Amino acid sequence: MKNFFLSLKTTVWTLLGLVIVFFIGSYMMPMHREVFSSMNDSLLFDWVKSVALRDLWLTWWFFAALAGLVVLTINTLVCSLAAIQGKWSRTDFLLRISPQIIHLGFLFILLAHLLGSGWGYKLSGMMPEGGFARLPEDRALSLQSVVVQTDPAGYMQDWSAEVSLYENNEVVKRGTLGPNKPLFYKGVGVYLKSLDFERGPAALLMVNKDPGAIWALIGSALFMLGSVSLLALKWKKT
Amino acid sequence: MDYILFILYPLSLIRPRFMLPALVFHAFLIVASALQYGRIPLMGMHDTLGFLAFSIGVVYVIAAWNRARDLFSYLTTPLILIFLAGSAISPPVTHGMPPVLKTMWFELHVILSFVSYALFAVGAIFGLLDRYGNDVHAERGQYRSLLLGYVLFSIAMIFGGIWAFLAWGTYWLWTPKELWTTIVWFFYSLYLHARLVRGWSGPKTAWMGVVGFVIVLFTYAGVGLLMKSSHEF
């Protein structure tokens, strides 16, 4: 079994399997919106429990992809551990460590997805100006005002929303939300997704706690570091 | 003035270095467009196909600098012209940047994506040279193009993830576009690993470079046209 996970052939066939499974998934998703449209609305594990397990004939590719990623994770771990345990010399240290840094970054990114899929929360809703909403962990959110800037042609140039975040009924953070400008507090992000003026000024707000985000960032940094280092070394050698 | 490019680019069929005037003029047009609309000129098919043609031209000139006119030029120049024609028939986006796209993460994400697509295109052409061109250096050229393309593509995806997290609170969404982006990434990871496996390296990996670019083209244009996605293209 160890030889199976230590083999590069396992990597190649698993990646090929994942390509095929994702290809099938990309065709299933738009054809069965009733099953897949809620996939991004809440935590992925909630979608799995409430939707995916009930429609296995449509979601089998998703579980096949998870199985493929589990095999790839074990394969990556076993290969990297074997590579680290081998004999090291000063001359090829960077060339041998760089792929392992890339693998570590990849594993951290997978860990981030796992944490973000099962833990934390994702809430969203339309809030009118002056509105107030309770959040998990004894927190709350209020919307003071929304502002829109348009150009002479009426094209929307910018928008923003003033919000306050409460913890135990005390204001702990105030801020201005805008495009690409969320408000962060203790791992919770508040996002302005869109505005609505049909029944008075209102904002579509999203509150998100993703415990995997920091791991995704660390994993990405490691992946980039290892890739650039490997690229430079391989470029010289080939 | 875009039509001048259709005259300048084919000069590379005389000698690869002769593509330089086309690239300089194309760069001037891209900068002029950026100044006219006050934004990065990478919105919609008109802009992006033009930028893809330009990027392939840059990679081609670097890769073919010391080459004589050969199959490499005969394959690359028509490919550039096809993308230019696609750009010419696509309506340009004439408005400014939507607020959510006004961030350096988006700009880096898109620029690096298209530069990596150009490297994947040249990698595919090296694959054909390896199979049909009797070019002993084609495998090396393909590996270099695809390795650099893979690294830039990975960085582009990471920057896209950072942008998505700041804009929408998530660095990955389950949509066909993201699935296809992951397919591209898995496929080139497969290529890089397969090169090291006996029975896979050689003709199989040369063809994988060609198939990879077909996947890239579908990810770029096909998914946006055929499937609802978080991306316009």
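In what follows, chains are A, B, ... by sequence order, proteins preceding strands, each numbered from 1. On a predicted model such as this, the values are computed, not experimentally measured, just so you know.
No side-chain heavy atom of A:L114 sits less than 4.5 Å from a side-chain heavy atom of A:W215. Using a 4.5 Å heavy-atom threshold, the side chains of B:F51 and B:V110 count as separate.
When the heavy atoms of residues 95-112 of chain A are compared with those of chain B, the residues falling under 4.5 Å are A:H103, A:F106, A:A112, listed by number. Interface with chain A: from residues 139-157 of chain B, residues B:R140, B:Y143, B:R144, B:L147, B:L148, B:Y150, B:V151, B:S154, B:I155 qualify, criterion being any non-hydrogen pair under 4.5 Å.
In summary, A:D46 and A:K122 do not engage in a salt bridge, as defined by a charged side-chain N under 4.0 Å from a carboxylate O. Between A:K209 and A:E137 there is a salt bridge, since a side-chain N of the basic residue sits under 4.0 Å from a carboxylate O of the acidic one.
Interface remark: A:F23 contributes backbone and side-chain atoms alike to the contact with chain B (heavy atom separation under 4.5 Å). For chain A, no part of B:Y188 is nearby; none of its heavy atoms comes within less than 4.5 Å. Of the atoms belonging to B:F165, heavy atoms from both backbone and side chain fall under 4.5 Å from chain A. Only the side chain of A:F223 comes within contact range of chain B, with heavy atoms under 4.5 Å apart. Proximity to chain B (any heavy atom under 4.5 Å) is shown, for A:I20, by neither the backbone nor the side chain. With a threshold of 4.5 angstrom between heavy atoms, A:K234 approaches chain B through side-chain atoms but not through N, CA, C or O. For A:D210, the part lying under 4.5 angstrom from a heavy atom of chain B is the side chain only. Neither the backbone nor the side chain of B:W105 comes within less than 4.5 Å of any heavy atom of chain A. With a 4.5 angstrom heavy-atom cutoff, A:A213 touches chain B via backbone and side-chain atoms both.
Note on ring orientation: taking the six-membered ring where Trp is involved, the planes of B:F218 and A:Y27 are parallel (angle under 30°, cut-offs 30° and 60°). Taking the six-membered ring where tryptophan is involved, the planes of B:W172 and A:H113 are perpendicular, since the angle between them exceeds 60° and thus also 30°. Using bins of under 30°, 30° to 60° and over 60° for the plane-to-plane angle, the ring pair B:H109/B:W163 lands in the tilted bin. Note on ring orientation: taking the six-membered ring where Trp is involved, the planes of B:F83 and B:F213 are perpendicular (angle over 60°, cut-offs 30° and 60°).
Applying the side-chain hydrogen bond (donor to acceptor under 3.5 Å, both in side chains) definition to pairs two or more places apart or across chains, none involves residues 202-217 of chain B.
Heavy-atom pairs under 4.5 Å with chain A peak, among B:G161, B:G169, B:A167, at B:G169. Across A:M39, A:K9, A:M31, A:K193, the residue that shares the most heavy-atom pairs under 4.5 angstrom with chain B is A:M39. Contacts with chain B were tallied for A:S220, A:A221, A:G219; A:S220 has the most, counting heavy-atom pairs under 4.5 Å.
Scanning all heavy atoms of the two residues, the minimum distance from A:N180 to B:V100 falls at ND2-O, 2.8 Å. Residues A:G189 and A:F184 approach most closely at CA-CD2, 3.7 Å, considering heavy atoms.
Checked by atom type, the side-chain pair B:Y220/B:T48 shows a donor-acceptor distance below 3.5 Å.
Surrounding CG of B:N134 are at most 12 heavy atoms belonging to other residues, nucleotides or ligands under 6.0 Å away.
Residues passing the ring-ring contact (aromatic ring centres under 6.0 Å, His included) test with B:Y37, sequence neighbours excluded: none.
Paired with B:W174 under the rule ring pair (Phe, Tyr, Trp, His ring centres under 6.0 Å), one option of A:F36, A:F62, A:W47 passes, and it is A:F62.
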